[in-house]
Q: 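Before I ask anything, let me first share the structure, which is written out below as structure tokens.
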Amino acid sequence: MKLLSRGKQRAHLMQDRVVWQAASLLLAYPDEGFTRRLQLADELSGHLGGRTQHLLSQTVTGLRQYETLDAAIHYVETFDLRRRATMYLTYWTAGDTRNRGREMLNFASAYRDAGVEPPAKESPDYLPVVLEFAATVDPQAGHQLLAAHRTSIDVLQKALTDAGSPYRHAVAAVCETLPAAGDPDRAQRLTESGPPAEAVGLQPFTLTVPPRRGSA
């Protein structure tokens with residue numbers, strides 16, 4: 001019975017890893033590899049079933065209506081011009097404060113503990129990066145990082161849903177792989193009040209979120 005239980009757990013984790021990899025591909029910036037990533041995400045979702053397959057397929061279908069340049073413009077408008085839709089997970093837990101630097105160090109440390117270096121050109125708390133890490137490097141550590149920032153993902157999901165973005169379905173698929181937030185109302189409170197602010201008299205951590213991309 002225990003072997004069967006472990007087997008089910010491994011199968012469930014493998015399904016989660018497929019979801020994370022497909023979502024990472026779909027949430028990446030639409031560059032010259034955009035069309036190929038859509039194809040790969042579609043192929044990966046074909047190995048799933050039920051709600052997660054349906055959600056990922058909806059994002060694939062929604063993004064296929066765009067040419068690459070139009071997709072890039074839409075991406076910037078969605079994620080770079082709306083702070084509520086940022087994919088930097090520590091923004092909603094630490095804001096632009098010195099605590100945020102410590103939280104991002106936790107991500108970088110998790111990557112190094114798993115034997116890989118943090119990305120050189122992207123923040124370690126960037127959702128597509130965390131998803132790829134969870135899918136391809138260390139699913140247990142990746143799951144812990146995602147679950148610990150479930151509230152940030154919920155805020156992102158709500159912002160994308162309010163905007164009617166096709167990306168909302170991919171984020172919803174990720175949510176299907178995670179436990180519910182401990183405080184179900186926290187995401188709504190953060191949406192209304194904004195992220196934490198630096199304490200009076202302290203120098204804030206000044207990473208701009210979201211960062212401005214050079215071009216679409």
Side-chain angles (χ1 to χ4, degrees), residues 13-14 16-34 36-37 40-41 44 72 75-76 78-157 159-160 167 170-171 173-175 177-179 181 190 195-196 198 202-216:
L13 182 58
M14 183 57 68
D16 288 349
R17 293 175 74 174
V18 173
V19 173
W20 296 334
Q21 182 63 82
S24 177
L25 292 167
L26 292 172
L27 293 170
Y29 179 74
D31 55 18
E32 63 276 2
F34 174 64
R36 176 59 178 158
R37 285 198 298 271
L40 288 173
L44 285 169
Y75 189 94
V76 170
T78 299
F79 296 111
D80 288 4
L81 303 183
R82 294 186 179 98
R83 286 200 167 212
R84 279 183 58 205
T86 181
M87 287 196 283
Y88 294 87
L89 298 180
T90 63
Y91 177 67
W92 289 105
T93 56
D96 278 338
T97 71
R98 64 184 60 200
N99 287 335
R100 188 166 176 221
R102 288 193 290 268
E103 288 198 18
M104 285 199 291
L105 182 60
N106 291 336
F107 282 85
S109 296
Y111 298 159
R112 292 193 176 99
D113 289 345
V116 297
E117 284 299 311
K121 297 183 179 180
E122 190 53 86
S123 177
D125 65 330
Y126 186 53
L127 180 57
V129 170
V130 184
L131 289 169
E132 185 170 9
F133 169 75
T136 64
V137 179
D138 190 329
Q140 284 82 17
H143 181 272
Q144 290 175 358
L145 290 172
L146 292 166
H149 292 81
R150 172 61 194 262
T151 297
S152 296
I153 298 173
D154 285 343
V155 175
L156 169 63
Q157 169 66 8
L160 295 174
Y167 291 107
V171 176
V174 172
C175 291
T177 70
L178 304 175
L190 284 173
E198 190 71 68
L202 295 179
Q203 182 66 32
F205 181 77
T206 56
L207 174 65
T208 301
V209 175
R212 301 305 180 202
R213 299 176 191 275
S215 66

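Each residue takes its place number in the sequence, starting with 1.
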Q: So, Y167 versus F79, ring centres under 6.0 angstrom or not?
A: yes

Q: Does the R37 side chain pair with the main chain of Y29, one donor and one acceptor, at a distance under 3.5 Å?
A: yes

Q: What pair of heavy atoms forms the shortest contact from S152 to L89, and how long is it?
A: OG-O, 2.7 Å

Q: Mind checking the NE2-CG spacing from H149 to L156? Nearest 0.5 Å is all I need.
A: 13.5 Å

Q: With side chains defined as the heavy atoms from C-beta onward, is the minimum distance between Y126 and M104 less than 4.5 Å?
A: no

Q: For P119 and V129, which heavy atoms make the closest approach, and how far apart are they?
A: CG-CG1, 3.7 Å

Q: Would you say R17 and T177 make side-chain contact, with heavy atoms under 4.5 Å?
A: no

Q: Quick one: closest heavy-atom pair of W20 and A134, and the distance?
A: CE3-CB, 3.4 Å

Q: Would you mind reporting whether T90 and N106 have side-chain heavy atoms less than 4.5 Å apart?
A: no

Q: Could you tell me whether a side-chain N or O of Y75 sits under 3.5 Å from a main-chain N or O of D80, the two making a donor and an acceptor?
A: no

Q: Answer yes or no: is there a side-chain heavy-atom contact under 4.5 Å between F107 and L145?
A: yes

Q: For a quick test of reading the model, state the closest non-hydrogen atom pair linking A114 to V137 and the distance between them.
A: CB-CG1, 3.8 Å

Q: Going from CD on Q21 to CD on E132, what distance comes out if it is rounded to the nearest 0.5 angstrom?
A: 5.5 Å

Q: How far apart are the closest heavy atoms of A22 and A41, and which atoms are they?
A: O-CB, 3.9 Å

Q: From D16 CG over to L178 CG, what is the distance, rounded to the nearest 0.5 angstrom?
A: 8.0 Å

Q: Taking side-chain hydrogen bond (donor to acceptor under 3.5 Å, both in side chains) as the definition, give me every residue that meets it alongside R150, ordered by chain and number, with sequence neighbours left out.
A: D154

Q: Looking at side-chain heavy atoms only, is the closest gap between E103 and D125 below 4.5 Å?
A: no

Q: Checking L127 against L146 for the side-chain contact (heavy atoms from CB on, under 4.5 Å) test, could you report, in this order, the C-alpha distance in whole Å, the side-chain angles of both residues, the deciding distance, and whether it holds?
A: CA-CA 8 Å; L127 180 57; L146 292 166; 3.8 Å; yes

Q: Check whether any side-chain heavy atom of Y111 sits under 4.5 Å from a side-chain heavy atom of V130, and report yes or no.
A: yes

Q: Hey, does Y88 have a side-chain heavy atom less than 4.5 Å from the side chain of E122?
A: yes

Q: Run D138 and V116 through side-chain contact (heavy atoms from CB on, under 4.5 Å) and show every step you take.
A: CA-CA 10 Å; D138 190 329; V116 297; over 6 Å; no

Q: Would you indicate whether the side-chain heavy atoms of L44 and V19 approach each other to under 4.5 Å?
A: no

Q: Taking it one step at a time, do R84 and W92 satisfy side-chain contact (heavy atoms from CB on, under 4.5 Å)?
A: CA-CA 9 Å; R84 279 183 58 205; W92 289 105; 4.2 Å; yes

Q: Heavy atoms only: give me the nearest I153-C175 pair and the separation to one decimal.
A: CG2-SG, 3.7 Å

